[in-house]
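The structure appears right after this line, and notes come after that.
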2 protein chains.
Amino acid sequence: MRLLSPPVGLPVLSESDLVRQVARRLTDAITRGDLPPGAKVAEAAVARELGISRAPVREAARLLESQGLLCAHPRRGFFVRELSPADIDDLYDLRLCIERHAAVEAARRLDAPARAALRACLDDLYAAAQRDDAARTVEADYRFHRKICEIAGNGRLLRLFDGLATELKVVIGLIGRLYDDPHAIARTHEPVLAALEAGHAERIVAHVDHHLGVARREVGRLVRALSPGPEAP
Amino acid sequence: MRLLSPPVGLPVLSESDLVRQVARRLTDAITRGDLPPGAKVAEAAVARELGISRAPVREAARLLESQGLLCAHPRRGFFVRELSPADIDDLYDLRLCIERHAAVEAARRLDAPARAALRACLDDLYAAAQRDDAARTVEADYRFHRKICEIAGNGRLLRLFDGLATELKVVIGLIGRLYDDPHAIARTHEPVLAALEAGHAERIVAHVDHHLGVARREVGRLVRALSPGPEAP
DNA sequence: TAAGCGTCGATTGTCGACAGTTTCGGCTTG
DNA sequence: CAAGCCGAAACTGTCGACAATCGACGCTTA
């Protein structure tokens with residue numbers, strides 16, 4: 001099995017905050033695609049693999065359930081949440097909603113270090129695209145958007161973004177790649193940063209809308225190409 | 001103690017979906033104010049009161065932890081999350097963010113039944129204000145806003161709204177009342193509905209902004225009046 | 001008297017166990 | 001040959017138990 005990879009060595013789990021550690025292992029396995037949508041998360045198997053009892057596993061699963069990553073069917077167990085095309089639409093809709101807000105707010109608070117941080121994120125993005133490293137490209141993309149939310153200064157908004165990003169990573173991991181041209185992804189971020197620095201609210205919203213709209217269409221297209229048909233949970 | 005009220009009769013809990021039931025009892029107790037912010041949620045005590053073992057209680061607590069209602073301190077237990085004035089600001093900021101979005105989207109999908117439903121919510125609100133029933137007024141207020149999110153048609157956005165509303169109910173319950181004039185609360189919703197029916201996006205956003213801005217300032221004022229000073233978690 | 005320290009009770013974190021249910025495979029039967 | 005039934009294995013939901021840890025109380029001491 002070996003789905004829940006330990007960092008590297010043989011020792012499986014340390015002692016403190018077991019539940020949190022299990023939750024992280026599970027989310028990693030899900031975003032990595034080792035636990036694909038719809039897969040059953042058997043508590044006993046997870047517990048055995050990690051060398052612990054089932055109680056902490058169940059608690060971790062509850063954490064992920066509230067987060068929307070897992071879905072509990074009574075008497076049947078936990079399953080990795082399946083995302084229908086409509087779900088993905090909702091996800092991107094919500095993401096648009098909060099990133100617009102975050103971007104406008106971030107522009108109001110944009111100082112020199114914040115600007116530099118954003119620039120650094122973009123540089124990472126370019127570098128990853130240059131190296132044709134799909135995983136790192138997605139990660140750098142995510143970092144850029146996350147940084148905007150961070151600068152916006154609303155901790156709850158940031159947590160929300162992280163949650164959405166985790167769910168989106170599942171589908172992105174599923175389709176394997178985000179764009180055909182890895183460089184295009186980097187370039188499409190430039191107008192967003194430019195608008196942020198300009199500080200003009202309407203232009204910010206317009207560029208965020210456009211940028212996310214492109215991503216949404218792209219992901220939607222790829223997902224629809226992959227999914228065989230409409231599935232009802 | 002009797003903090004976790006059973007609906008009415010003596011039988012404490014039925015058998016199925018115990019975790020979900022415990023979670024609901026706990027959220028009810030929190031929003032009702034029986035478990036005030038900062039209160040310790042002792043698993044053993046809850047389990048004893050409900051006549052069950054600690055395992056389901058812990059799982060329910062994990063659900064509420066991801067929801068932001070509880071806060072887990074390792075080796076110390078679960079505590080009802082405390083909201084600083086800054087937290088409340090963040091909460092209202094986020095609420096503004098999603099309700100703007102929801103309102104614009106709802107306007108695009110506003111058909112006859114949706115319009116009627118919103119009107120009905122407002123009538124309930126007037127009725128509750130008329131009767132000077134603070135709890136019902138808050139509930140009707142919440143229903144109106146929730147209906148907008150419902151009409152918007154994004155299930156995830158609706159869940160998010162529910163989560164925010166639950167957290168806000170805690171502070172609202174804490175301050176006891178929302179407005180000095182219970183009728184004013186009803187009247188301030190009219191322009192929002194009017195803007196929705198007009199379908200003009202900018203006017204919708206403007207009215208939502210104004211409506212929520214008023215609520216936010218009011219709640220902020222009352223909370224600041226109650227809280228002794230800045231508290232760092 | 002106030003501060004520091006040690007002990008005791010209470011609570012948490014984790015475990016193994018048990019009953020009830022679901023699921024999977026094979027077998028029977030039309 | 002397909003469909004349905006039956007039994008066993010595996011799994012879930014819940015429980016009680018035990019060790020480790022935390023907080024509080026009281027005692028000692030400067």
Side-chain angles (χ1 to χ4, degrees), chain A residues 1-4 6 11-26 29-30 35-36 38-66 69-82 233, chain B residues 1-4 6 11-26 29-30 35-66 69-82 231 233:
Chain A
M1 290 291 166
R2 291 272 100 216
L3 287 181
L4 279 27
V12 193
L13 282 187
S14 62
E15 75 287 349
S16 116
D17 237 347
L18 206 44
V19 173
R20 215 60 60 95
Q21 289 181 58
V22 175
R24 163 164 265 158
R25 290 276 178 100
L26 286 174
I30 292 171
L35 286 174
K40 178 173 170 66
V41 180
E43 344 170 340
V46 173
R48 248 183 321 233
E49 182 166 340
L50 297 176
I52 60 179
S53 82
R54 281 168 44 216
V57 177
R58 283 181 65 89
E59 290 186 31
R62 294 298 184 184
L63 282 177
L64 271 49
E65 182 189 350
S66 267
L69 272 180
L70 293 184
C71 164
H73 291 239
R75 292 273 170 207
R76 306 232 353 248
F78 293 93
F79 297 81
V80 180
R81 185 100 185 278
E82 290 192 85
Chain B
M1 286 294 165
R2 292 270 99 218
L3 287 182
L4 278 24
V12 191
L13 282 186
S14 60
E15 74 286 351
S16 112
D17 237 345
L18 206 44
V19 173
R20 213 62 59 95
Q21 289 181 59
V22 174
R24 162 163 264 156
R25 289 276 178 99
L26 286 174
I30 292 171
L35 286 174
K40 179 174 169 62
V41 180
E43 335 169 344
V46 173
R48 241 184 325 236
E49 183 165 339
L50 297 176
I52 60 179
S53 81
R54 281 169 43 217
V57 177
R58 283 181 64 88
E59 289 185 34
R62 295 297 184 185
L63 282 176
L64 271 49
E65 181 189 351
S66 266
L69 273 179
L70 293 184
C71 163
H73 291 240
R75 293 279 172 204
R76 308 234 350 253
F78 293 93
F79 297 81
V80 179
R81 184 97 186 278
E82 290 192 85
E231 30 199 338

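In what follows, chains carry the letters A, B, and so on, assigned in the order in which the sequence lines appear, proteins first and then strands, with residues in each chain numbered from 1.
The shortest heavy-atom contact between A:Glu59 and A:Val19 is OE1-CG2, 3.6 Å.
Note: CG (B:Leu70) to P (C:dT12) measures 13 Å, nearest angstrom. For A:Arg48 and C:dG16, the CZ to C1' distance is 14 Å, given to the nearest whole Å. The interatomic distance linking B:Ile52 (CD1) with D:dC15 (P) rounds to 6 Å, in whole Å. In this entry the distance linking NE2 of B:His73 with P of C:dT12 reads 13 Å, nearest Å. As rounded to whole Å, 16 Å separates atom C1' of C:dT14 from atom CZ of A:Arg20. Following rounding to the nearest Å, B:Glu43 (CD) and D:dT21 (C1') show an atom-to-atom distance of 13 Å. Put simply, CD on A:Glu49 is 13 Å from P on D:dC11, counting in whole angstrom units. Between B:Arg62 atom CZ and C:dT14 atom P there is a gap of 8 Å when expressed in whole angstrom units.
A donor-acceptor contact under 3.5 Å links the side chain of B:Arg54 to the base of C:dG13.
Side-chain atoms of A:Val19 lie closest to C:dT14 of the nucleotides D:dC11, C:dT14, D:dT14. Nearest nucleotide to the side chain of A:Pro56, out of D:dT21, D:dG23, C:dT14: C:dT14. Closest to the A:Ala42 side chain, of the nucleotides D:dC15, D:dT12, C:dT12, is D:dT12. The side chain of B:Arg76 lies closest to D:dG23, out of D:dG23, D:dC15, D:dT12. Taking only side-chain atoms of A:Ser53, from C-beta outward, the nucleotide of C:dT12, D:dC11, C:dC15 with the closest atom is C:dC15. When distances run from any side-chain atom of B:Arg58 to the nucleotides C:dT14, D:dG13, D:dC11, the shortest one goes to C:dT14. In the set C:dT14, C:dG13, D:dT14, C:dG13 carries the atom at the smallest distance from any side-chain atom of B:Arg75.
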Exercise. Dump the intermediate steps for side chain to side chain contact (heavy atoms under 4.5 Å, CB included) on B:Val41 and B:Ile30, then the final yes or no.
Key: CA-CA 10 Å; B:Val41 180; B:Ile30 292 171; 5.8 Å; no
Practice problem: Starting from the C-alpha separation in whole Å, work towards a yes-or-no answer on salt bridge (charged side-chain N to carboxylate O under 4.0 Å, His left out) for A:Arg62 and A:Glu65. | Solution: CA-CA 5 Å; A:Arg62 294 298 184 184; A:Glu65 182 189 350; 3.0 Å; yes
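For C:dC24, neither phosphate oxygen OP1 nor OP2 lies less than 4.0 angstrom from any side-chain nitrogen or oxygen of A:Lys40.
Side-chain atoms of B:Val80 and B:Leu69, non-hydrogen and from C-beta on, never get closer than 4.5 Å to each other. Using a 4.5 Å cut-off on side-chain heavy atoms (C-beta onward), B:Ile52 and B:Val22 make contact.
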